[in-house]
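Each residue takes its place number in the sequence, starting with 1. Ligands are counted one by one from 1 in listed order, and the atoms in each one are counted from 1 as well.
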Amino acid sequence: MPQTADVLIPLALDTAYSYAVPDGLVLSVGDVVQIPLGPREIAGVVWGVAERPAGGSNLRPVTGLLDVPPLSEPLRRLVDWLARYTLAPKGSALAMALRLPDESARTETMRVGVRSAGKPPSRPTAARAKALAVAADGAIRGKGALAKEAGVSLSVVDGLIDDGALEAVPLVPEPVALRPDPDFLSTAHLSEAQSEAAKQLNAAFDTGLSSPRTRGEGRDGLVVDAASPPGGGEGASRDELLLATPPHRRLPPRSADDEVGKAPSPPAGRGDAHDAPLMSAAAGRPVQTILLEGVTGSGKTEVYFEAVAECVRRGRQALVLMPEIALTAQFLDRFAARFGVRPATWHSGIGGRRRERLRAAVATGEVSVVVGARSALFLPFRELGLIVVDEEHESAYKQEDGVHYHARDMAVVRGKLEGCPVVLASATPSIETRVNAQRGRYGRIVLPERFGGRRLPDITAIDMRLDKPERGRFLSPPMVAAVKAAVAEGEQALLFLNRRGYAPLTLCSACGHRYQCRNCSTWLVEHRFRKALVCHHCGYTERKPEACVECGAFDHLTPCGPGVERIAEEAAELFPDKRIIVLSSDFPGGTERLRQELEAVAAGECDIVIGTQLVAKGHNFPHLTLVGVLDADIGLTSGDPRAAERTFQLLQQVTGRAGRGERPGRALVQTFQPDHPVIAALLSGEAERFYDEEIAQRENAGLPPFGRLAALIVSAAERDLAEAHGQAMARVADPPAGVMVLGPAEAPLALIRGRYRFRLLVKTDRGIDIQSYLRDWLDRSPKPRGNVKVAIDVDPQSFL
Ligand SMILES: Nc1ncnc2c1ncn2[C@@H]1O[C@H](COP(=O)(O)OP(=O)(O)OP(=O)(O)O)[C@@H](O)[C@H]1O
Ligand SMILES: [Zn+2]
């Protein structure tokens with residue numbers, strides 16, 4: 001019987017389109033096919049197939065089956081899930097999972113080398129002789145390499161190939177990644193606490209979660225769970241997930257002992273708690289997602305490496321997600337020390353061909369461990385057995401454009417769809433994850449102490465109202481003294497200020513003019529290294545003028561407040577003979593240079609490090625003993641409901657960089673509000689109390705995870721248009737009980753890249769299916785006209 005195929009296209013379209021399958025071609029769901037779309041041909045994925053009556057059809061035909069791995073069922077369901085959850089068009093969600101090789105990548109698939117064919121060229125020239133002299137050793141070289149070595153042009157080499165004096169031979173591509181050896185290192189190096197934690201973690205593999213029998217077993221099983229928004233509440237409707245959860249088909253185990261050879265799952269309630277699976281107190285069944293919470297420097301990495309090892313031993317694949325910048329050589333080396341080889345890595349800096357080879361190797365199962373940034377979540381794993389989300393509290397996991405998704409939450413969803421354990425690791429877990437652990441939805445494993453008997457740093461506040469810096473300076477006298485003492489001992493000091501550039505505001509002291517972005521409602525930030533004024537939102541840059549553009553006065557431009565560059569200047573004056581490194585994400589040289597500098601810091605090649613929040617993320621600087629926080633209050637004043645949580649996390653992370661090596665560490669925190677609950681909790685080390693209070697406040701206010709939020713951002717090139725559309729939407733919002741719609745209000749960043757922005761905020765009770773409400777509201781709303789755009793952000797992390 002001939003077929004019809006419903007093909008989903010990776011464009012901003014929400015539905016699959018029907019095509020006729022030509023006779024002789026049999027398609028399955030998940031196949032990647034070529035189809036005509038308007039005047040062009042495009043790749044899409046078969047989302048459904050049906051039989052079609054023989055004879056004619058007015059559907060356009062599928063034009064080909066592409067030679068790329070089909071999209072697995074869990075991945076297709078992730079795409080469905082993602083689209084339903086974020087309200088993004090399904091095709092946009094698909095685009096994240098389907099990155100086809102671009103043309104350049106395809107044509108280059110076979111690299112060729114050349115070697116001497118052992119016969120002279122028919123037409124000898126000096127250049128040819130040089131090339132042949134190099135090739136005379138019989139070795140195989142790339143064409144470019146040979147040309148370079150011989151000092152001749154590529155066309156000389158090509159000429160010799162045509163002539164038959166050189167022969168082209170295919171080069172065997174180097175493997176994408178070597179196989180990690182789960183038993184490369186014994187577990188003897190683990191501390192007792194780490195071994196315990198690893199054991200508990202690995203018990204998750206024996207819960208039977210990944211066996212086919214427990215899948216899709218109805219309402220009380222995993223089915224319903226997978227529908228709940230992982231970020232918190234139990235909101236999404238059951239129907240939604242029942243829809244998304246057909247009985248699961250999975251690949252047979254690689255080898256019999258994958259499933260059989262290991263210890264059978266221990267019966268629930270067995271006496272020995274440690275190698276029994278963590279049980280959900282609430283549901284009385286094993287948990288699938290586990291919070292691995294350990295203070296900074298407790299050695300969480302080593303613990304989850306053991307889970308990765310166990311996963312590999314079972315013949316399955318592991319994915320470790322990291323905030324991008326944390327993909328340092330240091331981490332890769334630690335992986336290599338444990339597994340004998342570096343892992344395959346996936347991040348935005350990996351180019352076309354390598355990307356495609358890695359995707360293919362992930363799909364065949366050849367690659368068993370991938371360490372990657374958030375987009376690695378959409379790789380086509382053949383048999384995913386574990387996902388680790390390191391630094392799970394990081395806001396970098398939230399994608400803020402296109403499909404607004406949170407990679408940590410989607411990791412939990414993918415784990416459920418694949419039937420594999422998910423480990424969320426952090427020293428400062430998000431409130432959402434904390435609450436899930438308290439409620440027993442997630443398991444929780446705690447490492448309360450630092451590895452190797454090291455102490456957490458002592459943290460002291462410097463009250464800036466009392467210990468004022470000198471005029472025009474930003475380091476208070478006790479801070480200066482502490483840095484001096486540390487570097488005198490040959491130790492490293494880190495000065496932390498979460499502000500890029502030289503000064504956050506520049507004004508003319510003659511006329512008061514403030515330098516503002518022409519596309520955004522933001523102040524321009526002076527970047528002295530670049531001699532420019534820069535907008536941190538749109539990148540608009542102008543040369544710093546000699547005279548005020550407003551009144552023409554010379555020498556009156558005054559920087560207001562500090563950025564890291566200004567602190568660097570001050571430190572250089574205070575400590576002229578010390579080596580200083582400034583780390584900021586906007587420096588020329590990009591990620592590569594940053595990685596190198598982070599390594600230099602780790603190797604002790606500088607005395608004073610000055611950095612923004614990127615130095616706080618998971619790094620290990622063994623020589624660092626002093627952390628100075630220059631403005632602890634920066635984040636506290638924003639209107640963001642997570643301001644307190646974020647500040648606490650950031651300060652605890654950055655102070656946690658001190659004292660990780662041999663010598664104990666300490667931290668000094670400059671603040672104008674030493675009594676603020678966040679600062680007080682940081683100083684007293686009472687993280688538990690801080691979390692308890694913060695959780696109680698969220699609960700009282702009905703904020704996530706106790707209620708749900710979604711933001712609508714209406715933007716347009718004209719302010720009136722944006723505002724009018726926002727108001728028109730608000731008029732038809734018609735919120736039912738349990739739903740509140742606030743706004744439209746002008747966004748705090750009212751203008752970005754020349755577009756005016758208004759925000760609407762939807763706040764619902766936990767039990768409400770916020771997506772259904774949003775869909776219904778959008779259907780009733782006037783369609784955006786002209787250049788008006790409406791962006792939807794479910795579970796917003798940013799309120800700007
Ligand atoms: N079993 C071990 N053997 C040797 N060194 C270890 C071991 N476990 C941890 N360490 C060392 O202790 C330090 C801290 O470990 P790790 O970076 O894993 O901590 P962490 O819990 O991830 O901290 P953070 O949350 O601050 O990033 C590292 O220098 C690491 O090499
Ligand atoms: Zn701007």
Side-chain angles (χ1 to χ4, degrees), residues 185-198 291-309 320 322-323 325-326 328 330-338 388-394 423-429 445-457 494 515-525 532-542 598 602-603 615-624 627 649-663 665 667 687 749-757 800:
L185 200 64
S186 84
T187 51
H189 65 291
L190 296 180
S191 70
E192 206 174 308
Q194 286 175 319
S195 309
E196 279 298 299
L291 165 61
L292 173 59
E293 181 178 358
V295 297
T296 56
S298 56
K300 294 180 288 294
T301 317
E302 265 70 19
V303 173
Y304 71 65
F305 275 176
E306 292 313 307
V308 170
V320 179
M322 308 200 101
I325 191 63
T328 55
Q330 203 187 25
F331 176 85
L332 303 179
D333 289 341
R334 271 172 86 178
F335 187 95
R338 173 63 187 80
V388 177
V389 184
D390 200 5
E391 312 286 352
E392 70 89 31
H393 62 278
E394 263 295 328
V423 177
L424 308 179
S426 175
T428 52
I445 298 175
V446 181
L447 293 169
E449 275 158 23
R450 278 195 163 176
F451 174 78
R454 288 177 190 143
R455 283 191 302 120
L456 283 166
L494 165 67
Y515 285 78
Q516 202 177 337
C517 178
R518 59 166 68 160
N519 311 316
C520 308
S521 44
T522 52
W523 305 125
L524 291 176
V525 178
L533 299 175
V534 179
C535 170
H536 281 182
H537 288 276
C538 72
Y540 167 78
T541 303
E542 62 184 43
L598 287 166
V615 296
K617 295 182 183 175
H619 305 296
N620 240 327
F621 302 136
H623 306 275
L624 187 71
V627 169
Q649 287 163 338
L650 184 58
L651 294 182
Q652 200 157 62
Q653 290 287 344
V654 72
T655 55
R657 297 311 107 195
R660 295 165 76 97
E662 305 273 292
R663 302 201 198 173
L749 279 173
L751 179 66
I752 297 186
R753 293 188 181 84
R755 294 182 65 82
Y756 291 85
R757 306 163 74 241
L800 293 175

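Put simply, the side chain of C538 does not reach to within 4.5 Å of the side chain of R518, judged on heavy atoms. Between I752 and R757, the closest side-chain pair of non-hydrogen atoms falls below 4.5 Å. Looking only at side-chain heavy atoms (C-beta outward), L456 and E449 stay at 4.5 Å or farther from each other. Side-chain contact check for I445 versus V423: every heavy-atom pair is 4.5 Å or farther apart.
Every residue meeting the salt bridge (Lys or Arg N to Asp or Glu O under 4.0 Å) condition with E392, not counting sequence neighbours, appears here in chain and number order: R408. Qualifying salt bridge (Lys or Arg N to Asp or Glu O under 4.0 Å) partners for E192, counting only residues two or more places apart in sequence or in other chains: none. Applying the side chain to side chain donor-acceptor pair (under 3.5 Å) criterion to R455, with sequence neighbours excluded, gives no partner residue.
Protein heavy atom nearest atom 20 (P) of ligand 1, with residue, atom name and distance: K300 NZ, 3.4 Å. The single protein non-hydrogen atom nearest to atom 29 (O) of ligand 1 is N620 ND2, 3.0 Å, given as residue, atom name and distance. In this structure, atom 1 (N) of ligand 1 lies nearest to the protein heavy atom H189 O, 2.8 Å. Ranking protein heavy atoms by distance to atom 22 (O) of ligand 1, first place goes to T301 OG1, 3.4 Å.
One side chain, S426 or H393, offers a donor N or O that lies under 3.5 Å from an acceptor on the other.
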CA sep, side-chain torsions, deciding dist, call: E293, K300, salt bridge (charged side-chain N to carboxylate O under 4.0 Å, His left out):
CA-CA 8 Å; E293 181 178 358; K300 294 180 288 294; over 6 Å; no

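Proximity annotation for atom 6 (C) of ligand 1: of F331, F305, F451, F621, F451 comes nearest, heavy atoms only. Atom 16 (P) of ligand 1 has its nearest heavy-atom neighbour, among E302, R334, Q194, in R334.
The distance from ligand 1 to the heavy atoms of L190 drops below 4.0 Å at these ligand atoms: 1 (N). Of all atoms in ligand 1, numbered sequentially from 1 with element shown, those under 4.0 Å from a heavy atom of G297 are 14 (C), 19 (O), 20 (P), 21 (O), 23 (O), 24 (P), 26 (O). Every atom of ligand 1 with a heavy atom of G299 under 4.0 Å away is listed here by number and element: 9 (C), 15 (O), 16 (P), 18 (O), 19 (O), 20 (P), 21 (O).
Residue R454 places no heavy atom under 4.0 Å from ligand 1. Judged by the shortest distance from any of its heavy atoms, S298 lies inside the 4.0 Å radius around the atoms of ligand 1. Residue E391 places a heavy atom less than 4.0 Å from ligand 1. Heavy atoms of R657 come nearer than 4.0 angstrom to ligand 1 in at least one pair.
Ring geometry for Y304 versus F331: interplanar angle of 30 to 60°, hence tilted.
Across V295 and A427, no two heavy atoms sit closer than the pair C-CB, 3.9 Å.
Ordered by chain and number, C517 SG, C520 SG, C535 SG, C538 SG make up the set of protein N, O or S atoms under 2.8 Å of the Zn ion (ligand 2).
With R753 contributing its side chain and H537 its backbone, the two residues share a donor-acceptor pair below 3.5 Å. In this structure, R657 contributes its side chain and Q653 its backbone to a donor-acceptor pair below 3.5 Å.
Considering backbone and side-chain atoms alike, R660 places an N or O below 3.5 Å from some N or O of ligand 1. Not a single N or O atom of A427, backbone or side chain, sits closer than 3.5 Å to an N or O atom of ligand 1.
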